[in-house]
Q: 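Right, I'll just put the structure down here and ask away after.
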Amino acid sequence: MIRRLFYMTLGASLAVWVMRKLESLRPDHVARRTAHQVRDFADDVRATAANRENELRARHGLGTVGHITNDVKDGR
């Protein structure tokens, strides 16, 4: 009796775990997760580029830039 209860509980837990894993593989979930990762990566690249530019400007005596912005004018 205890053994059957153990295996039923184990099976139910495994079924819930598998359903949650399969749900996380839905296309909308994958797309949302990927978009967040790409956005975080782009933010890291921008921050690193700004730091490196400030280092180079300081080394060559050109002053520092507070924040780099992507200023797009006239669609260019």
Q: Can you tell me how far the CE atom of Met1 sits from the CZ atom of Arg4, to the nearest 0.5 Å?
A: 8.0 Å
Q: How long is the gap from CG on Leu5 to CZ on Arg3, to the nearest 0.5 Å?
A: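 With rounding to 0.5 Å, CG (Leu5) is 13.0 Å from CZ (Arg3).
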Q: Considering non-hydrogen atoms only, spot the tightest contact between Leu25 and Val30 and give its length.
A: O-CG2, 3.8 Å
Q: Trp17: which other cluster members, linking ILVMFWY side chains closer than 4.5 Å, directly or transitively?
A: Leu14, Val18, Leu22
Q: Rounded to the nearest 0.5 Å, what separation is found between the CZ atom of Arg52 and the CZ atom of Arg57?
A: 13.0 Å
Q: To the nearest 0.5 Å, how far apart are CG in Asp43 and OG1 in Thr48?
A: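 Between atom CG of Asp43 and atom OG1 of Thr48 there are 10.5 Å.
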Q: Kindly state each residue pair satisfying salt bridge (charged side-chain N to carboxylate O under 4.0 Å, His left out) with at least one member in residues 15-27, sequence neighbours excluded.
A: Arg26-Asp28
